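Computed from a prediction, not measured in an experiment: that's the story for all the values here. Chain naming here is simple, since letters A, B, ... match the order of the sequence lines and numbering starts at 1 in each.
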Number of protein chains: 2
Amino acid sequence: MNIREIAKKADVSIATVSRVLNNSENVSFVTREKVLETLKRYEFKMDPWAKRLASKRTVTKVFIMISKRIMKQLNSKTGEFYSKVMEGIKNSAKANRTMIETVEMESNLDEDKLKNVNGVLLIGGDTTAEHVRFFKKIGMPLVLVDQYIPTVKVDCVVSNGYDGASYAVKYLLSQHIRKIVHIHGFLNHFGFKDRYSGYVAVMEQIGLLPKSYEYNDDIMEDMKPLVDKMLSVYGVPGAIFASNDSIAMKVIETLEDFHIKIPEDVSVIGFDGTEVGKNFIPSLTTLKVPMREMGSLALKRLLDIVYDQDVYPVRISLFTEFMKRGSSI
Amino acid sequence: MNIREIAKKADVSIATVSRVLNNSENVSFVTREKVLETLKRYEFKMDPWAKRLASKRTVTKVFIMISKRIMKQLNSKTGEFYSKVMEGIKNSAKANRTMIETVEMESNLDEDKLKNVNGVLLIGGDTTAEHVRFFKKIGMPLVLVDQYIPTVKVDCVVSNGYDGASYAVKYLLSQHIRKIVHIHGFLNHFGFKDRYSGYVAVMEQIGLLPKSYEYNDDIMEDMKPLVDKMLSVYGVPGAIFASNDSIAMKVIETLEDFHIKIPEDVSVIGFDGTEVGKNFIPSLTTLKVPMREMGSLALKRLLDIVYDQDVYPVRISLFTEFMKRGSSI
DNA sequence: TGATATGATGTAACCGGTTACAGATAAAGG
DNA sequence: CCTTTATCTGTAACCGGTTACATCATATCA
């Protein structure tokens, strides 16, 4: 049952049916009721591909919301991850006649600003359940990028940190390293939590005691106190698994200050697979996350939600790839 | 740059360009080369929606592969899960002009049978890396349903067992139950493994010793020995978390044979949210998996892979929903 | 050499929607 | 009562592909 058949049944033109379907203004009350009734009676189901194809004639507008904290990093070395994600979003937007506008997550949005916005992408680990609820309440299509909130049913695109971390730890174990420390960021960021869980799961499965330290990358503080504490309490570990490349590089720099050699004394593994990590000396062993794909997939998914009806919310996880390089044996 | 512009540049008709794009037979060598060169030069990118819309004029053929083991269950009480998944697949197929054919996973497929097959859905936890490699080698579009294999990059649709299980355990803890046993199926089935991991993670986080038993539902054996062993070694637990509804119901029946009352003596929680579980006495507390959605999403994803170019393989996880019912306090 | 089969290519209809534009009708204003 | 304006509705072009069918050149064969 397509729009033309509905039009015939309701004795109106296809344009009118389309107008009703899109809540267009200029339809009289009686006509609208008549069409709605017909749509329901014949269980009309919109063809998503036809809609998407036809919709190319209009521009779609999407808000990209990023926390101040991440926005600040965006052009620095530590900001490579989200820069690449943004690249992916922009590519996908260009290919889909979509206008994107970057907005600070902290700014409060009145209805006016959101009037002609078709959907929203919430970027990064600072996204909270509150943010999600705000947009869900007003029925705004929504996708979280690099964040997952178990308690809220909402679409998101993340990397598979659990398996990535598990792989890293198993690799180290296969190299006969058993004293493995995990240094991670805030665990309310799902990315960090997920990697942490993968690390802990493998360690405990093998019967080893997980040993982890949280590093607050917000304050950009010196890492010396943390490493100092680790060394004095725990001794020199065989390996350090850091929850991202930035942290891994900081760890390496700090360890070298302590005259500890990488990878001879300690193997260090990062996460993300950034360019800076690759060009770092020593070149960083890491788990590569397809950052551009994360961005483009997220935008694609958002457009699916905007244009297709009854999409069921899902979590989309991207595979990571282990990159053995110079910072580990 | 669309197909018409390419046609103009290459000085051929749009039909010819389409033929080249679809590796149709009837194109002369020189024309094909000319068109291919033009496509490359202008970086032609197919519009997936136009393709999908136009493709409605053809039927797509998809193989649904199920292991003998699951096939046998399909019409029994224990087979509700995959029956519902199949329903979802069929619905989606009907809406997408797709012909599906159910095939035993164990049957060996010669090239002939796969000649006009556009894609394959591999159903259930019996799918192995071998199966995947076979289809990947011949470039066959592929989606796993209710199975995930960390070592192979391939699309799959699964339920989020980790969070579901975590939720169940946390719920029990909130009811002041601390002696929680997990009874699960084969852990090479990702669904069971994932739920197991969620259970273990929460237990260990709280500092409790995880206690789990594997139940082989293949042999359809009596559960008495297993329960007997559990009771003698471990005593009567406060709760049992089973890795699916079928196991949960068997556990309840067996416990009742031991004159243990549900939920007064022991709370039992299942997983899946089947109808039989709902109608069971006592009605089963469980985590509901959107089974039909799992099926329809998998087929949708498969068609995406068949028709859109460069889709990046992902794991799609579905949310579960906790259903508090009579088998638990 | 003329009839017929074969292969390559083009034309136009079609997939199912959206929307610019035109036309009709009714209300408001002079 | 005629003109202007606002509101509603319909027609047809368009989004970017696929494919049935027609056409035409060439090869095959009696």
Side-chain angles (χ1 to χ4, degrees), chain A residues 1-36 38-39 42-61 95-98 116 118 303-304 306-309, chain B residues 1-36 38-39 42-61 95-98 116 118 303-304 306-309:
Chain A
M1 188 55 67
N2 64 27
I3 203 178
R4 275 161 238 272
E5 299 182 70
I6 295 288
K8 197 168 284 175
K9 299 284 184 192
D11 196 31
V12 295
S13 71
I14 55 167
T16 300
V17 178
S18 178
R19 288 191 190 102
V20 171
L21 286 169
N22 294 290
N23 297 311
S24 177
E25 302 288 293
N26 296 329
V27 183
S28 74
F29 181 78
V30 279
T31 311
R32 161 165 280 129
E33 286 302 304
K34 188 170 61 176
V35 172
L36 283 175
T38 312
L39 288 170
Y42 292 95
E43 294 175 343
F44 172 79
K45 185 113 176 27
M46 173 104 63
D47 182 300
W49 298 287
K51 184 169 184 95
R52 290 298 282 279
L53 178 58
S55 295
K56 288 202 117 183
R57 306 178 71 182
T58 336
V59 220
T60 309
K61 191 172 171 189
N96 289 284
R97 265 188 155 254
T98 299
N116 51 356
N118 299 88
L303 295 177
D304 280 352
V306 172
Y307 288 113
D308 303 359
Q309 39 201 27
Chain B
M1 187 56 68
N2 65 26
I3 203 177
R4 276 161 238 271
E5 298 182 71
I6 295 288
K8 196 168 285 173
K9 298 285 185 190
D11 196 29
V12 295
S13 72
I14 55 168
T16 300
V17 177
S18 179
R19 287 190 190 102
V20 171
L21 285 169
N22 293 290
N23 296 312
S24 176
E25 302 289 294
N26 295 331
V27 182
S28 73
F29 181 77
V30 279
T31 310
R32 162 164 280 128
E33 287 302 304
K34 188 171 60 176
V35 172
L36 283 175
T38 313
L39 287 170
Y42 292 96
E43 294 174 342
F44 172 79
K45 185 109 178 28
M46 173 104 67
D47 183 302
W49 298 289
K51 184 170 184 95
R52 289 298 280 281
L53 178 57
S55 296
K56 288 201 118 184
R57 308 178 69 182
T58 336
V59 215
T60 308
K61 191 172 172 191
N96 289 284
R97 267 188 154 254
T98 299
N116 51 355
N118 300 88
L303 294 177
D304 280 351
V306 172
Y307 288 112
D308 302 0
Q309 39 202 26

_Protein-to-nucleotide contact annotation, 5' to 3' order, nucleotides 20-26 of chain D [B base; S sugar-phosphate only; - none; under 4.0 Å, heavy atom]_ = B------

*Test log, rule side-chain contact (heavy atoms from CB on, under 4.5 Å), inputs A/Tyr307 and A/Thr60*: CA-CA 10 Å; A/Tyr307 288 113; A/Thr60 309; 2.6 Å; yes

*DNA chain C contacts among residues 2-14 of chain A, heavy-atom distance under 4.0 Å*: A/Asn2, A/Ile3, A/Arg4, A/Ile14

Could you check how far [atom1] of [X] sits from [atom2] of [N], rounded to whole Å?
X        : N      : atom1 : atom2 : result
B/Asn23  : D/dT18 : CG    : C1'   : 15 Å
B/Arg97  : D/dT19 : CZ    : P     : 11 Å
A/Leu303 : D/dC15 : CG    : P     : 19 Å
A/Leu21  : C/dT19 : CG    : P     : 12 Å
B/Asn22  : D/dT19 : CG    : P     : 7 Å
B/Asp308 : D/dG16 : CG    : P     : 16 Å
A/Lys56  : C/dG16 : NZ    : C1'   : 16 Å

Classify the nucleic acid contact of [X] as base, sugar-phosphate or nothing, counting any heavy atom under 4.0 Å across all strands shown.
X       : result
A/Ser28 : sugar-phosphate
B/Val17 : nothing
B/Phe29 : nothing

_Backbone of B/Lys34 reached by a side-chain donor or acceptor of B/Thr38 within 3.5 Å_ = yes

*Could you tell me whether the side chain of B/Asn22 and the main chain of B/Ser24 form a donor-acceptor pair under 3.5 Å?*
no

Do [X] and [Y] touch side chain to side chain, with heavy atoms closer than 4.5 Å?
X       : Y       : value
A/Arg19 : A/Thr16 : yes
B/Lys9  : B/Tyr42 : yes
B/Glu5  : B/Asn2  : yes
A/Val35 : A/Phe44 : no
A/Leu39 : A/Leu21 : yes

Tell me whether the OP1 or OP2 atom of [N] has a side-chain N or O from [X] closer than 4.0 Å.
X       : N      : value
A/Asn26 : D/dT9  : no
A/Thr16 : D/dC8  : no
B/Ser55 : C/dC15 : no

*Charged N-O contact under 4.0 Å between B/Arg52 and B/Asp304*: yes

_Within residues 46-54 of chain A, which residues have any heavy atom lying less than 4.0 Å from an atom of DNA chain D?_
A/Leu53, A/Ala54

Would you list the protein and nucleotides 24-27 of chain C atom pairs, both N or O, that sit under 3.5 Å from each other?
none

_Once rounded to the nearest 0.5 Å, what's the spacing between atom OG of A/Ser13 and atom NZ of A/Lys8?_
13.0 Å

*Between atom CD1 of A/Ile6 and atom CD1 of A/Ile14, what is the distance when rounded to the nearest 0.5 Å?*
12.5 Å

Could you tell me which non-hydrogen atom of [X] sits nearest to which non-hydrogen atom of [Y], and how far apart they are?
X       : Y        : value
B/Val12 : B/Thr31  : CG1-CG2, 4.0 Å
A/Pro48 : A/Asp308 : CB-OD1, 3.2 Å
A/Leu53 : B/Ala50  : CD1-CB, 3.8 Å

_Run the side-chain hydrogen bond (donor to acceptor under 3.5 Å, both in side chains) test against A/Lys56 and tell me which residues pass, sequence neighbours left out._
B/Asp47

*For the helix from C/dT1-D/dA30 to C/dG30-D/dC1, figure out the bend between the end axes, five pairs an end, and round to 10 degrees.*
50°

*Going by distance alone, is a donor N or O of one side chain under 3.5 Å from an acceptor N or O of the other, for A/Thr58 and A/Ser55?*
no

